[in-house]
Colleague: 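Quick one: the structure is below, questions incoming.
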Amino acid sequence: MSSFVIQDLNHQKDIGANCLLVECGKFRFLIDAGMDPKELGEKALPKLSLLPPNSIDFIIITHCHLDHLGALPILAKQQSKAQILVSLPTSLLAPLMLKNSVSVMTRQKEEKEIPEYPLFDKNDVLSLQKKFFVLKFGQPYCLEKEKQTAKITLFSAGHVLGASSVFIEHEGHSIFLTGDILFSDQNSLRGAQIPRFENLDALILETTRGDTERTALRREEESRLLALIRKTVKRGGICLIPAFALGRIQELLVLFYQAKKAHKLPECPIFCSGLGMSLISAFDKMGKRLSSVNFSRQILKQLNIKQLRKRTIDPRKTRLNAPAIYLLSSGMLAEHTPAYHIASCILHNNNNTICFVGHCDENTPGGQLQRVQPNEKFTFENLHYTTPVRAKIERFDLSGHADRKDLYQFTLAQHPQKVVLTHGDPQARKWFFDQFSAHAKEFSVLDPNVGQKYEL
Ligand SMILES: [Zn+2]
Ligand SMILES: [Zn+2]
């Protein structure tokens, strides 16, 4: 009989608020404590009511994107005895990400009339840090409870700085959770380093890209992006690249630096701003300590990066100097972010370009803008400003997630007894479910319902 039981505490079957309860023998622990970026208020939280207070031994956080980390201060208060196991980069990045969340929630409290905001404060983040216990990649950590041992090993998962896959062993049984994972190398970070396991009871697989087939290689997409930047600058235009603060901005900075050395980056001012820049010191520190990280704050100097002062920007009054490159968070053009403001200033001019380099949820301003036809009107609701779409809008596949073919092959090579699908929209899960169902003689596949317990 297997010794593992899981319960998905996400509030719905999608990417949302990642939080998985795992029980084995005497141990009860959580993997991730996310907040759904598509929801507001308490609706964004995982199903915390299913967890009695102080019923959890420890919490593992795979990485610092908010869909995995955002609810941690709340959970840590309810589960006050639980140690929090993280990688070294995650221990540095998590407080920065969470403090930024406090600021965002404090602003939204008034603006969107959400009385319960902020759901936690900066003191909660401070006390949280004391509970962090740092695990080194590849080195097992043993937890003891009532004469039982659970062994936890984190492996580098690529994806973003600090991202971890989790291997758990207990009483001769084992499970592996990929977490958000990328096998191929990025410019700033080496791809996932995962060994071949023996006799896995279950492999818990992220399925983010199950619904999309990769059409171009990463290198080709990078070349296409650089070519479009050169073309835009040559005609005197402004190029805006909205990018995720954690991972994408730093990755693009390294790409720009390498392109500059190869004379593939045009001469013009480059502006950066937002949370992505607040994370730079953590990236710089890790670049010095970890061989898998290729980043140094020197890059900012080499590229002569200029800071953008967001507050002075109003599309009715601001005239931006051109040509220029703006590399700004947020990746989905969320309201109030530097990218949102600059987009409002440049959309009306057909010399300009907006390059999306990651996934945009369809309900975000970024997702909506990608569906608008050229010359149609687009409204920046938050600024009460409508403008025709004349700038070129382009998408590039530079995702931090493995594509479905790589995940499928990885899974087959691991020979698990069971595959459990997670972190994907229904269509994405369906692709994997159908593919794996064809291997019914070798292993079973489970697409768990939220809130339901399963023995693995
Ligand atoms: Zn992630
Ligand atoms: Zn995620």
Side-chain angles (χ1 to χ4, degrees), residues 17-18 32-35 37 44 59-77 84-108 117-135 154 156-157 159-164 179-180 188-189 242-254 272-290 292-293 295-297 299-300 305 307-308 310 327-332 334 336-339 358 400:
N18 290 283
D32 286 333
M35 182 112 77
I59 304 169
I60 302 168
I61 297 295
T62 61
H63 68 290
C64 286
H65 282 146
L66 292 181
D67 58 320
H68 301 260
L69 169 77
L72 182 62
I74 300 161
L75 246 159
K77 252 200 230 176
I84 302 164
L85 309 182
V86 291
S87 67
L88 178 63
T90 294
S91 73
L92 296 182
L93 292 166
L96 302 171
M97 296 294 288
L98 291 168
K99 279 179 200 159
N100 185 69
S101 281
V102 174
S103 309
V104 171
M105 285 189 285
T106 306
R107 195 186 62 224
Q108 288 178 332
Y117 268 179
L119 298 176
F120 51 89
D121 60 28
K122 290 190 178 165
N123 287 329
D124 296 329
V125 178
L126 276 178
S127 48
L128 183 74
Q129 278 171 266
K130 294 179 195 132
K131 295 184 184 174
F132 280 168
F133 187 85
V134 170
L135 302 193
L154 301 185
S156 175
H159 184 56
V160 292
L161 180 60
S164 313
D180 292 10
S188 58
L189 188 63
F244 289 105
L246 170 57
R248 273 331 67 201
I249 288 221
Q250 300 81 11
E251 166 68 10
L252 285 161
L253 283 170
V254 179
C272 286
S273 179
L275 175 60
M277 295 305 276
S278 318
L279 304 176
I280 290 288
S281 61
F283 274 76
D284 183 62
K285 238 183 227 171
M286 290 300 100
K288 290 189 178 97
R289 285 188 62 167
L290 303 176
S292 57
V293 181
F295 192 89
S296 154
R297 73 161 82 239
I299 289 174
L300 303 183
I305 297 293
Q307 278 276 354
L308 175 73
K310 179 183 92 168
L327 173 59
L328 307 173
S329 47
S330 87
M332 299 197 194
H336 288 290
T337 58

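Index from 1, following the sequence. These numbers come from a predicted model, not from an experiment.
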Colleague: Please say which of Val254, Leu246, Ile299, Ile249 ends up in a side chain to side chain contact (heavy atoms under 4.5 Å, CB included) with Phe283.
Modeller: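 Checked Val254, Leu246, Ile299, Ile249 against Phe283; only one passes side chain to side chain contact (heavy atoms under 4.5 Å, CB included): Leu246.
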Colleague: Please report the C-alpha distance between Asp180 and His65 in whole Å, then the side-chain angles of each, then the deciding distance to 0.1 Å, and finally whether the side-chain hydrogen bond (donor to acceptor under 3.5 Å, both in side chains) criterion is met.
Modeller: CA-CA 10 Å; Asp180 292 10; His65 282 146; 4.6 Å; no
Colleague: Under 3.5 Å, which donor-acceptor pairs do the side chains of residues 86-96 form with other protein atoms, sequence neighbours left out?
Modeller:
| residue | atom | partner | partner atom | Å |
| --- | --- | --- | --- | --- |
| Ser87 | OG | Thr90 | N | 3.4 |
| Ser87 | OG | Thr90 | OG1 | 3.0 |
| Ser87 | OG | Gly162 | O | 2.8 |
| Thr90 | OG1 | Gly162 | O | 3.3 |
| Ser91 | OG | Leu88 | O | 2.6 |

Colleague: Enter the distance from Ile74:CD1 to Leu128:CG here, rounded to the nearest 0.5 Å.
Modeller: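 Here the rounded value is 11.0 Å.
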Colleague: Write down the atom of Ser103, the atom of Lys122, and the distance for their closest heavy-atom approach.
Modeller: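 Closest approach of Ser103 to Lys122: OG-NZ, 3.7 Å.
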Colleague: List the steps, then state whether side-chain contact (heavy atoms from CB on, under 4.5 Å) holds for Ile61 with Asp32.
Modeller: CA-CA 5 Å; Ile61 297 295; Asp32 286 333; 4.1 Å; yes
Colleague: Could I get the full list of side-chain contact (heavy atoms from CB on, under 4.5 Å) partners for Tyr117, not counting sequence neighbours?
Modeller: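 By the side-chain contact (heavy atoms from CB on, under 4.5 Å) rule, Tyr117 matches Leu40, Met105, Gln108, Lys109, Ile114, Leu119.
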Colleague: Partners of Ser188 by side-chain hydrogen bond (donor to acceptor under 3.5 Å, both in side chains), sequence neighbours excluded?
Modeller: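 Glu251.
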Colleague: So which of Leu253, Leu300, Leu252 actually passes side chain to side chain contact (heavy atoms under 4.5 Å, CB included) with Cys272?
Modeller: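 With Cys272 as partner, Leu253, Leu300, Leu252 yield a single side chain to side chain contact (heavy atoms under 4.5 Å, CB included), made by Leu253.
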Colleague: Evaluate the side-chain contact (heavy atoms from CB on, under 4.5 Å) criterion for residues Asn100 and Ser278: first the C-alpha distance (whole Å), next the side-chain angles of each, then the deciding distance (0.1 Å), finally the verdict.
Modeller: CA-CA 10 Å; Asn100 185 69; Ser278 318; over 6 Å; no
Colleague: Quick check for you: to the nearest 0.5 Å, what is the distance between Leu69 atom CG and Ser101 atom OG?
Modeller: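 Separation between the atoms: 7.5 Å.
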Colleague: Quick one: pull up CD1 in Ile60 and CG in Leu135 and give me the separation to the nearest 0.5 Å.
Modeller: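 Rounded to the nearest 0.5 Å, the CD1-CG separation comes out at 8.0 Å.
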Colleague: So which atom in Met286 and which in Val293 form the shortest heavy-atom distance, rounded to 0.1 Å?
Modeller: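 Scanning both residues completely, I find the closest heavy atoms to be O-CB, 3.9 Å.
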Colleague: From Leu98 CG over to Leu72 CG, what is the distance, rounded to the nearest 0.5 angstrom?
Modeller: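 Rounded to the nearest 0.5 Å, the CG-CG separation comes out at 6.5 Å.
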Colleague: Keeping the roles fixed (side chain from Gln307, backbone from Ser273), state whether a donor-acceptor pair exists under 3.5 Å.
Modeller: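 No; zero donor-acceptor contacts below 3.5 Å.
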Colleague: Should the heavy atoms of other residues, nucleotides or ligands under 6.0 Å from NZ of Lys131 be counted, would the total exceed 12?
Modeller: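 It does: Lys131 NZ has more than 12 such atoms within range.
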Colleague: Would you check if the side chain of Gln250 reaches a backbone N or O of Ala245 as a donor-acceptor pair within less than 3.5 Å?
Modeller: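 Yes: the side chain of Gln250 pairs with the backbone of Ala245.
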Colleague: Testing the basics here: between Leu327 and Ala243, what is the closest heavy-atom pair and its distance to 0.1 Å?
Modeller: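 Smallest heavy-atom distance, with atoms named: CD1-CB, 4.1 Å.
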Colleague: Partners of Asp124 by side-chain contact (heavy atoms from CB on, under 4.5 Å), sequence neighbours excluded?
Modeller: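 Expected list: Pro73, Lys77, Phe120, Asp121.
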Colleague: Roughly how far, to the nearest 0.5 Å, is the CD1 atom of Ile305 from the CZ atom of Arg297?
Modeller: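 With rounding to 0.5 Å, CZ (Arg297) is 13.5 Å from CD1 (Ile305).
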Colleague: Flag the pair Val104 / His336 as yes when at least one side-chain heavy-atom distance between them is below 4.5 Å, and no otherwise.
Modeller: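 Counting from C-beta outward, Val104 and His336 never come under 4.5 Å.
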Colleague: Could you pull out all residues at least two apart from Thr106 that satisfy side-chain contact (heavy atoms from CB on, under 4.5 Å)?
Modeller: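 Per chain and number, Thr106 pairs via side-chain contact (heavy atoms from CB on, under 4.5 Å) with Val102, Pro118.
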Colleague: Could you list the residues that satisfy side-chain contact (heavy atoms from CB on, under 4.5 Å) with Pro37, not counting sequence neighbours?
Modeller: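 Residues passing side-chain contact (heavy atoms from CB on, under 4.5 Å) with Pro37: Asp67.
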Colleague: Are Leu328 and Thr337 side-chain neighbours, meaning at least one heavy-atom pair lies under 4.5 Å?
Modeller: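 They are not in side-chain contact.
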Colleague: To the nearest 0.5 Å, how far apart are CE in Met277 and OG in Ser329?
Modeller: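 That separation rounds to 9.5 Å.
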Colleague: Could you go through Leu189 and His159, starting from their C-alpha distance and side-chain angles, then the distance that decides it, and tell me whether this counts as side-chain contact (heavy atoms from CB on, under 4.5 Å)?
Modeller: CA-CA 8 Å; Leu189 188 63; His159 184 56; over 6 Å; no
